[in-house]
Amino acid sequence: MTSLPSPPEKRLGLVIDLDTCVGCHACAVNCKEWNTGAGASPLSDVDAYGAEPSGAWLNRIHTFEVTPQDAPAQIVHFPKSCLHCDDAPCVTVCPTGASHKRGEDGIVLVTEDLCIGCGLCAWACPYGAREMDPVENVMKKCTLCVDRIYSETLPEADRIPACVRTCPSSARHFGDFNDPESNVSRLVAERGGIDLMPEMETRPVNKYLPPRPKTTQRTPSATAPQADMPKAEGGFLGWLDAALEKLG
């Protein structure tokens, strides 16, 4: 079995904001594109355009309807990938050392040349964050785009995981949790970042920001007539002239 390293100097990971995630799947698509088209091992697809497509994805988005007792119902989109746990059971159960946690930054990786496809790590992971590649028969998982975040050929702005770079609602954030001044540390402190399934005692590095409470107060309709606004005559320019006239 594989042992875990001493506490790393860096603890790189993600903060995912469940309040602003819109469930667009852009993170999952860009993750697959980067890991398939860049220097990493391809993520296989089987019968991609057929009746029963299947394949390996490192990031998946689940959608739930939540109905609190004292608040209106709401939709919550829940992205899920490897959490790069401090006490990663997927590492300690691996019989070949293929699954390992890096000592320099805490990223959990799989050395595919050593993976025998036994699936023990997937059984040990309480989050279902590992997937067996249906073609290569080795385990695949999120790498935090380790080939990207340390790349000296990319612009500084692109040296973040592909999922973070592509998120249109800025729901995903990347940084060092060992740095109290990092953006991820500040977000967790300010918004009360939470662990996924803390009762499993895996101490996940990635954190989730809970959705903000919703209000039952109704906002005025955008199409409701405004008593203090002039009527639009002569198209938009006519409306603009009337509005400026009213202001001055």
Side-chain angles (χ1 to χ4, degrees), residues 8-43 55-63 76-86 88 101-102 104-110 125 127-131 140-196 202-212:
E9 182 179 346
K10 290 183 178 181
R11 294 173 66 240
L12 299 181
L14 302 174
V15 166
I16 299 173
D17 191 344
L18 300 181
D19 191 65
T20 56
C21 176
V22 296
C24 66
H25 292 250
C27 57
V29 172
N30 202 33
C31 166
K32 185 147 188 169
E33 189 282 329
W34 175 262
N35 284 282
T36 299
S41 177
L43 300 175
W57 294 78
L58 306 187
N59 182 25
R60 292 182 182 268
I61 294 83
H62 306 273
T63 298
V76 176
H77 304 289
F78 191 88
K80 186 188 68 177
S81 59
C82 175
L83 302 172
H84 301 276
C85 303
D86 286 334
K101 187 174 180 68
R102 287 161 50 111
E104 61 266 40
D105 51 24
I107 298 176
V108 176
L109 296 175
V110 174
C125 174
Y127 308 110
R130 291 184 169 228
E131 298 201 13
K140 301 290 181 80
K141 62 172 296 299
C142 165
T143 67
L144 280 181
C145 290
V146 68
D147 57 331
R148 180 183 176 109
I149 61 177
Y150 292 113
S151 174
E152 296 182 357
T153 63
L154 291 175
E156 188 69 29
D158 289 332
R159 296 178 195 175
I160 55 177
C163 60
V164 177
R165 190 72 176 95
T166 200
C167 180
S169 62
S170 297
R172 304 176 74 89
H173 308 267
F174 170 72
D176 180 8
F177 285 90
N178 274 359
D179 178 4
E181 298 303 317
S182 69
N183 62 326
V184 290
S185 295
R186 291 199 306 268
L187 281 168
V188 168
E190 293 169 3
R191 292 275 309 280
I194 58 175
D195 289 346
L196 181 60
T202 60
R203 295 185 293 136
V205 175
N206 289 4
K207 307 297 180 187
Y208 288 90
L209 303 182
R212 294 179 175 89

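If you read the sequence from its start, that first residue is 1, and numbering goes on from there.
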Under 3.5 Å donor-acceptor, Thr36 side chain and Leu43 backbone: yes
Asp176/Lys10 salt bridge by N-O under 4.0 Å criterion: no
Side chain Glu131, main chain Lys140, donor-acceptor under 3.5 Å: no
Side chain to side chain, Leu14 and Pro79, heavy atoms closer than 4.5 Å: no
side-chain hydrogen bond (donor to acceptor under 3.5 Å, both in side chains) involving His77 - partner list, sequence neighbours excluded: Thr63
Pro161 side chain near Ile149 side chain, heavy-atom distance below 4.5 Å: yes
Asp105 side chain to Tyr150 side chain, donor-acceptor N/O pair below 3.5 angstrom: yes
From Arg11 atom CZ to Ile107 atom CD1, the distance as rounded to the nearest 0.5 Å: 12.5 Å
Approximate separation, where rounding is to 0.5 Å, of Asp17 CG and Arg212 CZ: 6.0 Å
Separation between OG1 of Thr202 and CG of Asp195, rounded to the nearest 0.5 Å: 7.5 Å
Non-neighbouring partners of Glu156 that pass side-chain hydrogen bond (donor to acceptor under 3.5 Å, both in side chains), sequence neighbours left out: Arg159
Spacing of CG belonging to Asn178 relative to CG belonging to Leu12, to within rounding of 0.5 Å: 9.0 Å
N/O donor-acceptor pair under 3.5 Å between Lys101 side chain and His84 backbone: yes
Distance (rounded to the nearest 0.5 Å) between Cys125 SG and Arg130 CZ: 7.0 Å
Pairwise side-chain contact, Thr20 with Ser170, heavy-atom cut-off 4.5 Å (strictly under): no
Validation row: Arg186, Asn183 side chains within 4.5 angstrom (heavy atoms): yes
Tyr208 and Leu83, any side-chain heavy atoms less than 4.5 Å apart: yes
Gap separating the CG atom of Asn59 from the SG atom of Cys142, nearest 0.5 angstrom: 7.5 Å
Under 3.5 Å: donor-acceptor pair, side chain of Arg60, backbone of Ala28: no
